[in-house]
Amino acid sequence: MIAQSRPFGQRYAFVVVAVIFLCLLIAAGLRSAPAVMMLPLENSFGWRRDVVSLAAATGIFLYGLTGPFAAALMERIGLRRTLLAALLLMSGSTALSLLMTKPWHLLLTWGVFSGISSGAVATVLGATIVNRWFKTNRGLVMGLMSASSATGLLVFLPLLASLAQSGGWKPVAIAIAVATAALVPLVYMLVPERPAAIGIVRYGAELDDVPPAPPAAQGNFLAHTLSTLRRAAGTRVFWYLFATFFVCGFTTNGLVGTHLIAFCGDMGIGEVQAAGLLSMMGIFDLIGTTLSGWLTDRFDPRKLLGIYYGIRGLSLIYLPYSGFSATSLIIFAVFYGLDWIATVPPTLRLSNEAFGDRSGPIVFGWIVAGHQVGAATAAFFGGTMRELQGNYELAFLIAGMTAIAAACISLLINTSRPAFDPEPQAA
């Protein structure tokens with residue numbers, strides 16, 4: 001059992017954030033691993049890129065689809081239990097992949113199992129922690145936790161690329177399995193279920209603060225999750241947020257995260273050097289997403305989204321014509337990296353404004369599902385376009401144009417009135 005006392009008072013919330021940051025970081029490393037495994041798997045098994053892309057797309061899709069159910073499950077059976085089970089499945093499925101010999105083994109381990117497990121250790125986890133542990137500074141904290149995926153790129157990709165280049169895909173799988181397993185005792189010992197479990201209130205709240213009871217804590221969490229989707233889907237703001245986040249996934253981890261290293265390989269740039277480019281993007285996204293959280297607490301999130309998607313679209317359109325020189329790639333890494341996932345804090349704020357603190361995290365989970373549907377689409381789309389055309393040029397141009405469209409949609413979002421009335425709480 002977790003002890004009922006903790007140091008730091010309300011500031012213990014930042015200890016929880018630090019542990020969850022590590023969990024999100026490792027999960028980001030797992031989700032980025034197929035990018036560095038693509039060429040080694042092709043060399044080891046002769047599997048085409050569209051085959052590997054299908055497994056990556058499946059994992060990304062389930063990663064997103066799991067999110068809203070995981071958010072409700074955290075309320076129903078507990079955040080710690082859900083998170084610990086997810087970490088164990090992540091580690092186990094990655095280790096099991098060491099035995100694979102056929103494409104369906106890759107699909108099962110790196111697609112189905114890793115997708116479901118990592119989906120519980122994703123953006124919805126960060127949103128749940130922010131809503132549970134913070135009354136103020138939510139945008140900044142969500143920005144920090146969203147930046148964990150960028151830090152995952154920064155920390156893991158050069159290491160994983162080096163492992164893949166020197167030893168093939170198996171050392172990559174071993175590293176991910178060990179790193180994930182190491183998180184289990186940290187979560188068990190340091191992450192209480194809620195602030196009240198250790199006798200404190202949310203950070204920035206008064207001593208008499210009583211957080212609203214989430215409706216998913218009672219009854220059938222599956223039915224509640226689907227009911228929340230049904231009610232949210234009847235609103236225009238949900239579909240605007242879903243559409244923009246679909247494009248966000250399409251233009252980030254779906255296309256760039258999965259295929260940029262392979263794209264660079266086609267242009268004569270080695271895996272480690274290409275991974276270093278992603279790491280540079282990770283550094284700038286760590287800055288950009290944290291800054292985005294700070295800006296989200298102060299400015300209109302719709303205008304921020306319009307700016308972010310606009311810059312991203314122009315960056316993607318620029319890349320195929322950049323010549324792939326060192327200077328041009330640095331320019332791309334800076335401008336694209338600054339808003340890799342800077343869209344998360346303003347999107348979460350808009351979701352909470354429209355749907356409230358009680359339903360907001362689950363609705364946000366469905367919006368994140370849209371992100372991963374977009375990412376899965378791009379992961380498969382990029383591999384298919386590469387096989388059909390022999391290059392990635394058109395895929396990146398199409399992605400850039402979708403980002404420009406998302407910038408326009410962002411300005412249409414209106415959360416001035418509640419999107420729907422909150423469900424009555426059980427007596």
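Since the structure is predicted, the reported quantities are computational estimates derived from the model, not experimental observations. In what follows, every heavy atom counts, from backbone to side chain, and hydrogens, waters and symmetry copies are set aside.
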Side chains of Arg312 and Thr343: does their closest heavy-atom pair fall under 4.5 Å?
yes
Can you list the steps and then say if Ile269 with Leu329 is a side chain to side chain contact (heavy atoms under 4.5 Å, CB included)?
CA-CA 11 Å; Ile269 299 172; Leu329 289 177; 3.6 Å; yes
Leu41 side chain reached by Met100 side chain, heavy atoms, under 4.5 Å
yes
Return each pair, listed once, that meets side chain to side chain donor-acceptor pair (under 3.5 Å) where at least one residue sits in residues 164-181; pairs must be two or more places apart or across chains.
none
With heavy-atom distances below 4.5 Å as the criterion, would you say the side chains of Ile129 and Phe21 are in contact?
no
Checking Val344 against Phe364 for the side chain to side chain contact (heavy atoms under 4.5 Å, CB included) test, could you report, in this order, the C-alpha distance in whole Å, the side-chain angles of both residues, the deciding distance, and whether it holds?
CA-CA 10 Å; Val344 174; Phe364 183 66; 4.2 Å; yes
For Ser118, enumerate each residue passing the side-chain hydrogen bond (donor to acceptor under 3.5 Å, both in side chains) test, keeping only those at least two apart in sequence or located in another chain.
Arg31
Residues that Trp133 engages under ring-ring contact (aromatic ring centres under 6.0 Å, His included), provided they are two or more places apart
none
Only one of Leu108, Leu107, Leu106 passes side chain to side chain contact (heavy atoms under 4.5 Å, CB included) with Thr58, and that residue is Leu107
Going by salt bridge (charged side-chain N to carboxylate O under 4.0 Å, His left out), name the pairs with one or both residues in residues 37-47, residues two or more places apart or in two chains.
Glu42-Arg49
Student check: side-chain heavy atoms of Met281 and Leu260 closer than 4.5 Å:
yes
With sequence neighbours left out, the residues meeting ring-ring contact (aromatic ring centres under 6.0 Å, His included) with Phe284 are none
Applying salt bridge (Lys or Arg N to Asp or Glu O under 4.0 Å) to Glu393 and not counting sequence neighbours gives none
Backbone N/O of Leu319 and side chain of Ser322: donor-acceptor pair under 3.5 Å
yes
Would you check if Leu183 and Ile26 make a side-chain contact, meaning some heavy-atom pair closer than 4.5 Å?
yes
In chain order, what residues pass the side-chain hydrogen bond (donor to acceptor under 3.5 Å, both in side chains) check against Thr347, with sequence neighbours excluded?
none
Between Ser351 and Ile367, is there a side-chain heavy-atom distance shorter than 4.5 Å?
yes
Pair Asp266-Arg386, salt bridge (charged side-chain N to carboxylate O under 4.0 Å, His left out): steps then yes or no
CA-CA 10 Å; Asp266 289 347; Arg386 169 62 173 74; 2.7 Å; yes
Name all pairs fulfilling the ring pair (Phe, Tyr, Trp, His ring centres under 6.0 Å) condition that reach into residues 244-279, sequence neighbours left out, sorted by first residue then second.
Phe245-His371, Phe250-Phe381, His259-Tyr392, Phe263-Phe324, Phe263-Tyr392, Phe263-Phe396
Sorted by chain and number, sequence neighbours left out, side-chain hydrogen bond (donor to acceptor under 3.5 Å, both in side chains) with Ser292 holds for Tyr308
Which residues satisfy the ring-ring contact (aromatic ring centres under 6.0 Å, His included) test with Phe14, sequence neighbours excluded?
Phe134, Tyr203
Is the closest side-chain heavy-atom distance between Phe332 and Tyr318 below 4.5 Å?
yes
Test item: Val121 and Leu83 side chains (from C-beta on) under 4.5 Å apart, heavy atoms:
yes
Partners of Tyr240 by ring-ring contact (aromatic ring centres under 6.0 Å, His included), sequence neighbours excluded?
none
OG1 on Thr244 to CZ on Phe242, rounded to 0.5 Å:
10.0 Å
Side chain to side chain donor-acceptor pair (under 3.5 Å) contacts touching residues 97-108 (sequence neighbours left out):
Ser97-Trp110
